[in-house]
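Each chain gets a letter, A, B and so on, in the order its sequence line appears, and its residues count up from 1.
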Number of protein chains: 2
Amino acid sequence: MVQEVRNIAADVLKAMAHPIRLGVIEVLANGERTVTELYSELGCSQSMMSQQLKILCQQKLVAIRKDGTQKYCSLCNRDFLKLFDCMHTHLRQFLNFQD
Amino acid sequence: MVQEVRNIAADVLKAMAHPIRLGVIEVLANGERTVTELYSELGCSQSMMSQQLKILCQQKLVAIRKDGTQKYCSLCNRDFLKLFDCMHTHLRQFLNFQD
DNA sequence: TACAGATATTATTATATTTTTATATTCAGC
DNA sequence: GCTGAATATAAAAATATAATAATATCTGTA
């Protein structure tokens, strides 16, 4: 990886590195959700969710399709779900955190 | 993942989400390096590297052993190297970036 | 066309991160 | 104990991110 690529990769990781945004990815792993479902399920404000979704979409982690007055969100790239397994192991093994 | 776990997972991801810190992980994938080797290879200042290493160590991504006046850095958890594969694919497939 | 539900945008404040520069510490060898 | 190489810490300024509240837009339906 050259410098420029690392900058972009860092931006993608940064987009995931937030509790709510991680939550969105986790929820969407189980299938499509509307924006309202997401912020209800994750317990944050509508405005907050809208902003976090924008960040996830910019990095093409989440895709949104419109249907009438609602928007349906889904994962672009399920490959990154591997990360959750790595993370679980890391938390247990290296940070002594029972999840 | 519950709220608290997501906070911690976000901190781990945040520790990776930086061009230099990504560079460190990448270089260390090829084996142990001293701090001097790292900042020479990655082209940043000694102070910068020292600070970035601290962040990586806090999240147990990098381990440091001392030998005389030098410190040798290595990866704690090679499992996260999977991330680089995911990332390459993502950059190509979703962000149209040739790496 | 007015209303209501769903979502987005903007502005603001608070807080955190990044980067640089200067200084400090640590330790081996003389 | 002094020196120099290797590394760490502190302080400061610039910039970015986070979070909230207020307002705007968009769209289907009465």
Side-chain angles (χ1 to χ4, degrees), chain A residues 3-25 27-28 31-75, chain B residues 3-25 27-28 31-75:
Chain A
Q3 181 71 32
E4 192 191 359
V5 180
R6 280 196 217 108
N7 290 336
I8 297 180
D11 287 339
V12 175
L13 281 175
K14 236 183 282 183
M16 295 194 264
H18 183 286
I20 290 182
R21 298 194 296 262
L22 276 179
V24 169
I25 294 173
V27 170
L28 294 184
E32 213 177 39
R33 294 284 189 282
T34 68
V35 178
T36 298
E37 286 170 338
L38 283 174
Y39 72 74
S40 305
E41 196 156 343
L42 291 168
C44 71
S45 72
Q46 175 271 314
S47 170
M48 172 100 293
M49 183 52 69
S50 180
Q51 289 173 86
Q52 303 313 322
L53 284 173
K54 190 175 183 180
I55 292 169
L56 289 168
C57 288
Q58 277 167 349
Q59 300 303 328
K60 296 283 195 301
L61 292 166
V62 165
I64 296 192
R65 72 175 176 87
K66 244 169 95 174
D67 184 8
T69 171
Q70 304 199 162
K71 295 201 178 169
Y72 287 85
C73 308
S74 60
L75 289 185
Chain B
Q3 181 70 33
E4 191 190 1
V5 180
R6 280 196 218 107
N7 290 336
I8 297 179
D11 287 339
V12 175
L13 281 176
K14 233 182 286 184
M16 296 195 263
H18 184 286
I20 291 182
R21 297 195 295 264
L22 275 179
V24 169
I25 294 174
V27 170
L28 294 184
E32 213 176 40
R33 293 285 188 285
T34 67
V35 177
T36 298
E37 286 170 337
L38 282 174
Y39 72 75
S40 305
E41 195 155 344
L42 291 168
C44 72
S45 71
Q46 175 271 316
S47 171
M48 171 100 293
M49 183 53 70
S50 179
Q51 290 173 87
Q52 304 312 323
L53 284 172
K54 189 175 183 181
I55 291 170
L56 289 167
C57 288
Q58 276 166 351
Q59 300 301 329
K60 297 283 194 302
L61 293 166
V62 165
I64 296 191
R65 74 177 175 83
K66 244 169 96 174
D67 184 9
T69 172
Q70 304 197 166
K71 297 203 176 169
Y72 287 86
C73 308
S74 59
L75 290 185

Using whole Å, report how far NZ of A:Lys14 lies from P of D:dT17. 5 Å

Worked verdict on A:Ser50 versus A:Lys54 for side-chain contact (heavy atoms from CB on, under 4.5 Å): CA-CA 6 Å; A:Ser50 180; A:Lys54 190 175 183 180; over 6 Å; no

Residues of residues 63-73 of chain A with a heavy atom under 4.0 Å from any atom of DNA chain C, listed by number, are A:Thr69, A:Gln70, A:Lys71

Side chain of A:Gln46, base of C:dA8: donor and acceptor closer than 3.5 Å? yes

Check: A:Gln51 side chain, D:dT20 base, donor-acceptor under 3.5 Å: yes

How many Å lie between CD on A:Gln58 and P on C:dT9, as a whole number? 10 Å

Nearest heavy atom decides the nucleotide; on that basis, is A:Asp11 or B:Tyr39 closer to the 5' end of DNA chain D? B:Tyr39

To the nearest Å, give me how far apart CE (A:Met48) and P (D:dA21) are. 11 Å

Check this one for me: any side-chain N or O of A:Thr36 less than 4.0 Å away from OP1 or OP2 of C:dG5? no

Roughly, in whole Å, what's the span from CD1 in B:Ile55 to P in D:dT7? 18 Å

Which atom pair, heavy atoms only, marks the closest approach of B:Met49 to B:Cys44? CE-SG, 3.7 Å

Please pick, from C:dT9, C:dT18, C:dT7, the nucleotide with the shortest atom-to-atom distance to any side-chain atom of A:Lys54. C:dT9

5'-most by nearest nucleotide on DNA chain C - B:Ser45 or B:Ala17: B:Ala17

Shortest non-hydrogen separation from B:Pro19 to A:Asn7 and the atoms involved: CG-OD1, 3.1 Å

For the pair made of CD in A:Gln52 and P in C:dA8, what is the distance, rounded to whole Å? 12 Å

Any side-chain to backbone donor/acceptor pair from B:Glu37 onto B:Thr34? Under 3.5 Å, distance only. yes

Mind checking the CD-CG spacing from A:Glu32 to A:Asp67? Nearest 0.5 Å is all I need. 9.0 Å

Separation of D:dA18 P from A:Leu22 CG (nearest whole Å): 12 Å

Presence of donor-acceptor pair under 3.5 Å, side chain of B:Ser47 and base of D:dT9: yes

Are any side-chain N or O atoms of A:Arg21 and backbone N or O atoms of A:Ala15, one a donor and one an acceptor, separated by less than 3.5 Å? yes

Rounded to the nearest Å, what distance is computed from the CE atom of residue B:Met49 to the P atom of nucleotide C:dT19? 12 Å

Could you tell me which non-hydrogen atom of B:Leu38 sits nearest to which non-hydrogen atom of B:Cys73, and how far apart they are? CD1-SG, 3.9 Å

Measure from CG on B:Leu13 to P on D:dT17 and round the result to the nearest Å. 15 Å

